[in-house]
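Just below is one structure, and these are the notes that go with it.
To find a chain, count down the sequence lines: A is the first, B the second, and so on, and within it residues start at 1. Keep in mind the model is a prediction, meaning the values are calculated, not measured.
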2 protein chains.
Amino acid sequence: MTQKNPDPAQHPIRHRASGELRAVALEQFSAVGFAGTSLQQIADAAGYSKSSVLYHFVSKEALLDEVLTPAINCLEEIVDRLASSAGTAQTRSEFIDEFIDFLLEFRLEVNTFINQGQSLRGIGVIDRAGRLILRLTSALRGDDTSTIDGIRFGMALGGAAYTLVAGATYFPDQVSPEEEVRQALQSVVTELLAPVPLRRPIEGK
Amino acid sequence: MTQKNPDPAQHPIRHRASGELRAVALEQFSAVGFAGTSLQQIADAAGYSKSSVLYHFVSKEALLDEVLTPAINCLEEIVDRLASSAGTAQTRSEFIDEFIDFLLEFRLEVNTFINQGQSLRGIGVIDRAGRLILRLTSALRGDDTSTIDGIRFGMALGGAAYTLVAGATYFPDQVSPEEEVRQALQSVVTELLAPVPLRRPIEGK
DNA sequence: ACGCTAACTGACCGATCGGTCAGAGTCTGC
DNA sequence: GCAGACTCTGACCGATCGGTCAGTTAGCGT
């Protein structure tokens, strides 16, 4: 992926604990929040001591940073690609494909940032993500900054973050095969982000 | 300090502090989360002591309960009305109007519940809200529990919760007059929730 | 055998957490 | 004047927070 790996072949167990801790921490951060997760909880859930957590990560914030960075790196590549493309319907459609894949792969990371990003300002990776979101919006909706387009983008982002994590809690009726979720998500996000040609003026009220 | 309450003698200064604390607590809960908010922070922000907070509310959980209850009561009325109505396009449209008003009036409460509801189970009002959401989904999508409809509803709910609170942080370019936001929101939510018969031509290549 | 180093841990620290309690100040009705 | 209720507070409690540190392992090159 996007991590520095001097010699991947000869590092079998080397960073096993580090990876386990990252995975456990991500689940906790997304489920109960960064502030609501204690280092002790993470350590217990991963089967280590609190001291071990602080051995692998210099601080709780650094742990959050490392946990979210791979997702932000991936998003950055997507935004770069979108920004350097022609604004055709074709490139837009390609972007949506990539974006959906990103949402599905990093759903916990996205949920963590979307739900708590505003309260975690000052942490490196959070600010970086915030800047990326701004770049993404301006790349998507060029100059016209209409209210409706802003809301459409926010709904797509916040809605996906909620649906893919918290939503599954309330609608666990079907564990919907991944591919089915993907198609549904793509359909809805496309509706929201694509410049829909004709939209009836909501009936007179 | 603050103003001498100039409101009717019917409701004297009796519960002034209580109301201030509720308002401050709601902002904090929505902004930094329930776990991330300390009673001391709430007390400081409201200009009281921590002991005062615990005088008006028997516990932190009880404070959350009282803060969210008005919103849940309002939502319950809306769901009751929807459930007892005929499933016509007309009643559906009326529901959406009420729902949008609800989202706008109680945006902080909705945001709090949507973002943290899963981690706050066991608190009375949270469980009640969870049951209401389930009732709402079943009232909206009768028997057909398709993946796409579940996602559409989740996107509308989670997207609105995000857009109306956190989203405003990232897109503060316009403080969009309330009425404009309302129309945009109604347009998008209608698209998402209304059983759109035919909305496929997005691939405008 | 040795020493070096990465991995890991318990004991401990000051700060803060939610919560309890014994009052102090203020207002009212008698 | 005074009793009582209401509002508010500081002092205090045990638990837990994020974080530090000295020390114990186990593996590896020499």
Side-chain angles (χ1 to χ4, degrees), chain A residues 3-26 28-29 31-67 116 119-120 122-124 126, chain B residues 1-5 7 9-26 28-29 31-67 116 119-120 122-124 126:
Chain A
Q3 63 188 28
K4 46 193 173 183
N5 216 341
D7 195 346
Q10 288 296 350
H11 283 152
I13 340 178
R14 187 76 168 280
H15 298 112
R16 183 177 54 90
S18 179
E20 288 174 5
L21 289 171
R22 268 196 294 266
V24 167
L26 174 58
Q28 299 283 320
F29 289 159
V32 298
F34 179 74
T37 302
S38 71
L39 294 175
Q40 189 69 64
Q41 287 173 27
I42 297 171
D44 290 346
Y48 292 91
S49 72
K50 189 179 72 172
S51 296
S52 270
V53 180
L54 287 163
Y55 166 76
H56 289 284
F57 309 93
V58 298
S59 71
K60 195 185 174 188
E61 284 195 5
L63 174 53
L64 175 71
D65 207 300
E66 286 206 30
V67 157
Q116 310 168 58
S119 68
L120 296 176
I123 300 180
I126 297 287
Chain B
M1 272 303 281
T2 56
Q3 75 291 359
K4 258 312 184 184
N5 211 343
D7 60 23
Q10 290 289 52
H11 282 136
I13 325 175
R14 189 81 166 276
H15 297 112
R16 183 177 54 91
S18 178
E20 288 174 5
L21 288 171
R22 268 196 294 264
V24 167
L26 175 58
Q28 299 283 320
F29 289 158
V32 296
F34 179 74
T37 303
S38 72
L39 294 176
Q40 191 69 64
Q41 287 172 27
I42 297 171
D44 290 347
Y48 292 90
S49 72
K50 189 179 72 172
S51 297
S52 270
V53 179
L54 287 163
Y55 165 76
H56 288 284
F57 309 94
V58 298
S59 71
K60 194 185 174 187
E61 284 195 4
L63 173 53
L64 176 70
D65 208 300
E66 285 205 32
V67 157
Q116 310 170 57
S119 68
L120 296 176
I123 300 180
I126 296 287

(message) Expressed as a whole number of angstroms, how long is the span from A:Tyr48:OH to C:dA6:P?
(response) 17 Å
(request) Using a heavy-atom cut-off of under 4.0 Å over every strand shown, decide if B:Leu54 touches base, sugar-phosphate, or nothing. (result) base
(message) Can a donor-acceptor pair be found, under 3.5 Å and without considering hydrogens, that links the side chain of B:Lys60 to the backbone of B:Thr37?
(response) yes
(request) Please state how far atom CZ in A:Arg16 lies from atom P in D:dG27, giving the value in whole angstrom units. (result) 12 Å
(request) Look at A:His56 and C:dA6 and indicate whether a side-chain polar atom (N or O) is within less than 4.0 Å of OP1 or OP2. (result) no
(request) Determine: side-chain N/O of A:Ser51 to OP1/OP2 of C:dT9, distance under 4.0 Å, yes or no. (result) no
(request) Establish, with yes or no, whether the OP1 or OP2 oxygen of C:dC8 is under 4.0 angstrom from a side-chain nitrogen or oxygen of A:Tyr55. (result) no
(message) Measuring from atom OG of B:Ser38 to atom CG of B:Asp44, what distance do you get when rounded to the nearest 0.5 angstrom?
(response) 7.5 Å
(request) Could you tell me whether a side-chain N or O of A:Gln116 sits under 3.5 Å from a main-chain N or O of B:Gly33, the two making a donor and an acceptor? (result) no
(request) Take the protein atom CD of A:Gln41 and the nucleotide atom C1' of D:dT16, then report the distance between them rounded to whole Å. (result) 11 Å
(request) Quickly work out the B:Phe57 CZ to C:dG18 P distance and round it to whole Å. (result) 15 Å
(request) Go through C:dC17, C:dG18, D:dG19 for me and flag the one nearest to the A:Lys60 side chain. (result) D:dG19
(request) Tell me whether the OP1 or OP2 atom of D:dC8 has a side-chain N or O from B:Ser52 closer than 4.0 Å. (result) no
(request) With heavy atoms under 4.0 Å as the rule, sort A:Ser38 into base, sugar-phosphate or nothing. (result) sugar-phosphate
(message) Within this structure, what is the CG-CD1 distance for the pair A:Leu63 and A:Ile123, rounded to the nearest 0.5 Å?
(response) 10.5 Å
(request) Round to a whole Å and report the spacing from CD of A:Gln40 to C1' of D:dT16. (result) 9 Å
(message) Can you say whether a donor on the side chain of B:Lys50 sits under 3.5 Å from an acceptor on the base of C:dG18, or the other way round?
(response) yes
(message) How many whole angstroms separate atom CG of B:Asp44 from atom C1' of D:dT9?
(response) 13 Å
(message) Has B:Ser52 got a side-chain atom pairing as donor or acceptor with B:Tyr48's backbone, closer than 3.5 angstrom?
(response) no
(message) Just the rounded figure in Å: distance from C1' of D:dT9 to CG of B:Leu39.
(response) 15 Å
(request) Would you kindly give the CD-to-C1' distance between A:Glu20 and C:dA7, to the nearest whole Å? (result) 13 Å
